[in-house]
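Computed from a prediction, not measured in an experiment: that's the story for all the values here.
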Amino acid sequence: MARSFWLNGVALRLLVYFALVILTQTQPLPAPIFLVAVVLDALIFIWQATGYFRAAEHNLSGTGSQLPLWGGMIALIVAVFIMFAQWWGLVLAANPAPEEEHHFAKLERYRAAQYALNVSDDGNTILISGTITHGVTKKLRELLEVTPDVITVHLESEGGNIFEARGLAGLIRQKGLSTHVAQICASSCTTVFMAGDRRSADAGARLGFHGYALQDAAQLPRFDIEAEQDRDREFFRNQGASEPFLTRMFQTASPSIWFPDHATLRNSGVLRD
């Protein structure tokens with residue numbers, strides 16, 4: 001009776017328990033191994049239960065005590081719960097949940113999908129296209145480090161985040177790069193364009209200007225919208241834009257946009273090549 005309980009029952013059950021614990025660490029657990037483990041565990045459990053109750057019956061006929069029988073029943077119920085819990089652990093190991101993407105990684109991936117940076121075959125030009133959003137300045141800086149022959153940044157964007165546009169403008173000025181527009185550059189994109197040492201545009205290109213939309217930024221504590229707009233006005237002025245041009249530009253309230261003709265852009269100091 002003691003051997004049936006402690007050796008064939010408890011000791012063997014503990015051995016199976018730890019073996020299954022080790023299997024649950026393997027993720028994903030191959031389906032054949034999962035099935036073999038469950039079937040073997042079930043067979044071993046049936047063998048243990050059958051052997052114990054046979055021993056308990058012999059013990060009952062010899063001593064008349066039902067205590068081992070009831071004790072075995074309780075142990076059997078506990079073992080069943082533990083066994084099913086381990087089987088569920090094997091199910092989870094065989095079908096692990098996909099790792100949840102970190103919020104910031106998901107946000108960065110979403111932002112990166114909004115723009116593209118492409119280097120020309122000769123390595124002299126970088127095209128920035130899409131929305132100007134967080135992360136594009138960092139990507140441009142990294143790209144310039146591995147493409148030292150770049151001399152011109154082509155822009156194709158209808159704008160985006162003005163603070164990120166300032167970052168791009170600062171980087172372009174720091175590197176002494178030229179800017180060019182082939183199709184369209186509007187809103188905060190023009191801040192990036194104005195940073196170019198030489199600024200050019202194709203005949204059919206459109207450059208769109210307006211006063212900046214800083215409604216979201218206005219929710220920041222102690223944020224002065226007028227001061228921020230004056231800061232950008234000063235930047236345009238230092239880059240050669242005329243006062244009449246700046247007046248017309250900042251009088252155009254977002255979401256309206258002003259597309260001056262090329263003659264106006266040249267005469268106002270915006271186009272310099």
Side-chain angles (χ1 to χ4, degrees), residues 111-112 114-120 124-145 147-148 150-202 205-214 216-217 220 223-243 245-250 252 254 257-260 265-266 268-273:
R111 289 168 173 169
Q114 298 182 60
Y115 64 85
L117 277 69
N118 297 291
V119 183
S120 62
N124 293 330
T125 303
I126 289 179
L127 169 63
I128 301 177
S129 58
T131 302
I132 297 174
T133 186
H134 295 284
V136 63
T137 303
K138 178 182 177 182
K139 294 296 183 182
L140 178 60
R141 182 179 293 108
E142 294 172 351
L143 192 55
L144 288 174
E145 289 177 358
T147 52
V150 171
I151 57 176
T152 304
V153 175
H154 284 211
L155 299 167
E156 186 177 329
S157 171
E158 296 188 19
N161 185 282
I162 183 58
F163 302 105
E164 196 69 23
R166 287 175 180 172
L168 286 173
L171 183 58
I172 288 173
R173 288 191 67 191
Q174 176 188 346
K175 299 294 185 179
L177 304 176
S178 300
T179 51
H180 179 81
V181 177
Q183 296 184 29
I184 188 170
C185 176
S187 189
S188 62
C189 177
T190 59
T191 301
V192 185
F193 176 77
M194 288 298 294
D197 185 42
R198 300 174 66 181
R199 302 187 291 268
S200 59
D202 284 359
R206 304 171 69 215
L207 280 82
F209 303 84
H210 60 62
Y212 298 145
L214 298 174
D216 292 338
L220 298 174
F223 188 88
D224 191 336
I225 295 179
E226 292 299 327
E228 291 298 318
Q229 188 155 276
D230 287 343
R231 173 181 173 180
D232 292 304
R233 185 194 304 269
E234 186 64 20
F235 170 73
F236 272 72
R237 183 181 293 118
N238 291 337
Q239 291 298 103
S242 66
E243 289 301 324
F245 181 89
L246 293 175
T247 300
R248 171 67 187 276
M249 170 184 170
F250 287 101
T252 305
S254 176
I257 194 161
W258 172 43
F259 289 98
L265 293 173
R266 285 192 299 271
S268 301
V270 175
L271 290 178
R272 304 181 81 178
D273 193 343

Name each donor-acceptor pair under 3.5 Å that joins a side chain in residues 152-164 to protein atoms two or more places apart or in another chain, with its distance.
{"from": "S157", "atom 1": "OG", "to": "G130", "atom 2": "O", "distance (Å)": "2.6"}
{"from": "S157", "atom 1": "OG", "to": "G159", "atom 2": "N", "distance (Å)": "3.0"}
{"from": "S157", "atom 1": "OG", "to": "G159", "atom 2": "O", "distance (Å)": "3.4"}
{"from": "N161", "atom 1": "OD1", "to": "F163", "atom 2": "N", "distance (Å)": "2.9"}
{"from": "N161", "atom 1": "OD1", "to": "E164", "atom 2": "N", "distance (Å)": "2.9"}
{"from": "E164", "atom 1": "OE2", "to": "G135", "atom 2": "N", "distance (Å)": "3.3"}
{"from": "E164", "atom 1": "OE2", "to": "V136", "atom 2": "N", "distance (Å)": "3.4"}
{"from": "E164", "atom 1": "OE2", "to": "T137", "atom 2": "N", "distance (Å)": "2.9"}
{"from": "E164", "atom 1": "OE2", "to": "T137", "atom 2": "OG1", "distance (Å)": "2.9"}

| query | Under 6.0 Å between the ring centres of F245 and F236? | reply |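 No.
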| Going by heavy atoms in the side chains, are F209 and L265 under 4.5 Å from each other? |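 The answer is yes, as the side chains (C-beta and beyond) meet within the 4.5 Å cut-off.
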| said: Taking the side chain as everything from C-beta on, heavy atoms only, tell me whether D202 gets closer than 4.5 Å to H180. | reply: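 Yes, at least one pair of side-chain atoms sits under 4.5 Å.
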Those residues that, when tested against [X], pass side chain to side chain contact (heavy atoms under 4.5 Å, CB included) (two or more places apart):
| X | answer |
| --- | --- |
| R206 | I184, F259 |
| N124 | D122, D149, I151 |
| K175 | L144, L171, L177 |
| D197 | none |

| task | Please determine if R166 forms a cation-pi arrangement with F235, meaning its NZ or CZ atom is less than 6.0 Å from the six-membered ring centre and no more than 45° off the ring axis. | result |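 No, a cation-pi geometry is absent between R166 and F235.
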| Just by distance, do the side chain of T252 and the backbone of H210 share a donor-acceptor pair under 3.5 Å? |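 Between the backbone of H210 and the side chain of T252 there is no qualifying donor-acceptor contact (under 3.5 Å).
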Nearest heavy atoms of [X] and [Y], plus distance in Å:
| X | Y | result |
| --- | --- | --- |
| I257 | A186 | CD1-CB, 3.5 Å |
| A201 | L207 | CB-CD1, 4.2 Å |
| A195 | A169 | CB-O, 3.3 Å |

Distance in Å, [X] [atom1] paired with [Y] [atom2], rounded so as to fall on 0.5 Å steps:
| X | Y | atom1 | atom2 | result |
| --- | --- | --- | --- | --- |
| I126 | N118 | CD1 | CG | 9.5 Å |
| M249 | D232 | CE | CG | 7.5 Å |
| I132 | Y115 | CD1 | OH | 11.5 Å |
| R272 | S178 | CZ | OG | 10.5 Å |
| E243 | R233 | CD | CZ | 8.0 Å |
| E142 | L140 | CD | CG | 9.5 Å |

| said: Once disulfide (SG to SG under 2.5 Å) is applied, what residue pairs with a partner in residues 162-200 remain, sequence neighbours excluded? | reply: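 Output for this query lists C185-C189.
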| request: Assess whether side-chain contact (heavy atoms from CB on, under 4.5 Å) is satisfied between F193 and L271, documenting all intermediate values. | output: CA-CA 9 Å; F193 176 77; L271 290 178; 3.7 Å; yes
| request: May I ask you to check whether over 12 heavy atoms, not counting those of R111, lie within 6.0 Å of atom CZ? | output: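 Atom CZ in R111 is crowded, with more than 12 foreign heavy atoms closer than 6.0 Å.
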| message | What verdict does the salt bridge (charged side-chain N to carboxylate O under 4.0 Å, His left out) test give for R237 and E234, after you've listed the backbone C-alpha separation in whole Å, the side-chain angles of each residue and the deciding distance to 0.1 Å? | response | CA-CA 5 Å; R237 183 181 293 118; E234 186 64 20; 2.5 Å; yes
